[in-house]
Amino acid sequence: MYVFKAAVVGAGTMGGEIAQVIAASGVDVVLKDIDQRFVDTGLEKARDVTQAQLGGLVAKEKISSEDADRQLEELTGRITGATDYDGFGDVDFVVEAVPERMQIKQAVFAEIDSVTPGHAILSSNTSSLSITEMAEVTTRPEKVVGFHFFYPASMMRLIEVIEGDETSEETLQATTNFAQQIRKTAIRCGEGPGFVVNRILNSAVSEVWKVTHEEGLDVKEVDKEIQESRAAPMGPFFLCDLLGLDTVLHVAEHLNDSYGDRFFVSPAMKELVAAGNLGQKTGKGFYEHS
Ligand SMILES: NC(=O)c1ccc[n+]([C@@H]2O[C@H](COP(=O)([O-])OP(=O)(O)OC[C@H]3O[C@@H](n4cnc5c(N)ncnc54)[C@H](O)[C@@H]3O)[C@@H](O)[C@H]2O)c1
């Protein structure tokens with residue numbers, strides 16, 4: 001199946017950039033959220049990323065600035081913002097990117113099942129939740145699949161294609177093809193907790209959270225040391241702020257529930273989330289963000 005038109009549900013940390021990636025590959029995309037404010041932020045993010053990418057090409061003298069201006073309008077023009085499902089009647093592929101809560105995801109899957117054509121593939125960008133459980137509320141569980149981008153979606157090449165109990169081979173193949181169509185590299189994995197990447201990544205980062213907590217270390221000092229040692233491009237606490245502490249905490253708790261104490265849950269992160277300080281998206285987390 002070739003994807004002529006796609007939709008992204010949820011225009012938050014991930015959704016705006018996912019829409020940008022799809023539009024940049026030449027596919028029309030609807031970007032839906034529950035409030036026009038969130039839609040506008042997602043559209044703005046998509047425009048900023050496109051502008052930065054085209055600016056890079058101009059700086060390398062690959063395209064002229066006139067071409068960049070024209071392409072910016074063309075690429076961003078492929079994304080339509082929405083607060084309803086009016087534009088979903090002719091989509092071929094949906095990416096759900098709403099908060100990491102099964103109740104919200106299932107409500108969205110029931111809705112997109114009822115508003116999209118029968119052939120459309122319904123995918124979730126979930127970091128850890130069960131694809132099978134999302135598929136259960138639809139009439140097409142064989143067309144429900146995980147499609148897990150990494151932050152920032154416009155730069156990270158990998159996508160995990162996650163197989164639920166009912167996902168068909170045809171859906172897995174079409175989803176892998178779509179990943180290639182939008183210039184990403186797909187790996188297929190089962191729906192074990194954390195899938196592949198977060199299971200590996202969290203086993204390392206939870207060790208840092210644990211030592212920081214047990215030794216009473218300063219998170220900014222830990223970040224600085226890690227960044228200066230060039231072990232990573234930025235410190236893990238700063239990265240968590242960018243990813244969204246609610247999402248990171250949810251994944252950490254899920255891994256802890258699934259695999260036990262070798263996956264640590266940071267009490268400091270729990271406190272921040274309980275206070276509504278979710279990192280960059282709310283302006284405060286381990287750091288203050290403007
Ligand atoms: N943040 C990351 O680094 C990251 C990376 C990979 C995957 N993910 C996954 O992507 C998904 C989204 O994460 P995020 O960080 O973008 O979350 P976010 O909180 O930044 O954004 C979620 C958006 O969904 C919107 N929303 C809520 N209910 C909705 C509904 N019923 N219909 C439409 N929109 C609705 C919210 O208004 C918000 O704008 C989660 O499943 C998360 O696990 C996140």
Side-chain angles (χ1 to χ4, degrees), residues 7-21 30-46 81-88 94-116 122-131 133-134 137 145-162 184 189 191 193-199 201-202 205 234 236-255 269 273 276-283 285 289:
V8 177
V9 184
T13 308
M14 296 300 289
E17 288 214 14
I18 293 173
Q20 190 276 336
V21 169
V30 184
L31 177 61
K32 181 196 179 288
D33 207 299
I34 47 176
D35 190 296
Q36 190 60 43
R37 244 174 344 127
F38 303 134
V39 175
D40 290 343
T41 308
L43 292 173
E44 219 172 284
K45 186 177 288 179
T83 53
D84 57 33
Y85 287 114
D86 282 357
F88 281 59
V94 183
V95 184
E96 165 278 307
V98 302
E100 190 74 343
R101 292 275 169 267
M102 184 52 79
Q103 220 181 348
I104 306 178
K105 305 245 185 223
Q106 284 187 326
V108 167
F109 268 83
E111 287 167 6
I112 56 180
D113 185 42
S114 68
V115 295
T116 55
L122 311 181
S123 78
S124 173
N125 185 45
T126 181
S127 309
S128 58
L129 298 174
S130 161
I131 301 303
E133 281 180 46
M134 292 178 220
V137 301
V145 66
F147 199 53
H148 185 208
F149 290 79
F150 294 88
Y151 178 90
S154 59
M155 290 175 75
M156 303 299 275
R157 299 295 297 269
L158 196 73
I159 289 187
E160 288 175 329
V161 174
I162 302 135
K184 298 291 182 191
C189 48
E191 60 179 344
F195 311 132
V196 174
V197 174
N198 278 340
R199 184 168 171 183
L201 185 70
N202 272 53
V205 87
M234 67 185 80
F237 293 98
F238 189 74
L239 176 63
C240 290
D241 265 13
L242 298 187
L243 301 178
L245 297 184
D246 52 339
T247 304
V248 177
L249 179 65
H250 190 276
V251 173
E253 288 179 334
H254 184 57
L255 287 167
M269 193 183 297
V273 172
N277 295 320
L278 309 182
Q280 190 185 41
K281 64 183 162 187
T282 59
H289 302 269

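For ligands, and for the atoms within them, numbers begin at 1 and follow the listed sequence.
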Do [X] and [Y] touch side chain to side chain, with heavy atoms closer than 4.5 Å?
X	Y	value
Asp246	Leu249	no
Met155	Glu17	no
Asn198	His148	yes

* If only atom types and distance count, is the side chain of Ser123 paired as donor or acceptor with the main-chain N or O of Val94 below 3.5 Å? ->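 Yes, because the side chain of Ser123 sits within donor-acceptor range (under 3.5 Å) of the backbone of Val94.
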* To do: Please check if the side chain of Glu160 supplies one atom and the backbone of Val196 the other of a donor-acceptor pair under 3.5 Å.
  =>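 Between the backbone of Val196 and the side chain of Glu160 there is a qualifying donor-acceptor contact (under 3.5 Å).
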* **Close residues, ligand 1: non-hydrogen atom nearer than 4.0 Å** =>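 Contacting ligand 1 under 4.0 Å are Val9, Gly10, Gly12, Thr13, Met14, Lys32, Asp33, Ile34, Phe38, Ala97, Val98, Pro99, Glu100, Ile104, Lys105, Val108, Asn125, Thr126, Ser127, His148, Phe149, Tyr151, Leu243, Thr247, Lys281.
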* Asked: For residues Thr247 and Glu100, is any side-chain donor paired with an opposing acceptor at under 3.5 Å?
  ->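 No, no side-chain donor-acceptor contact under 3.5 Å.
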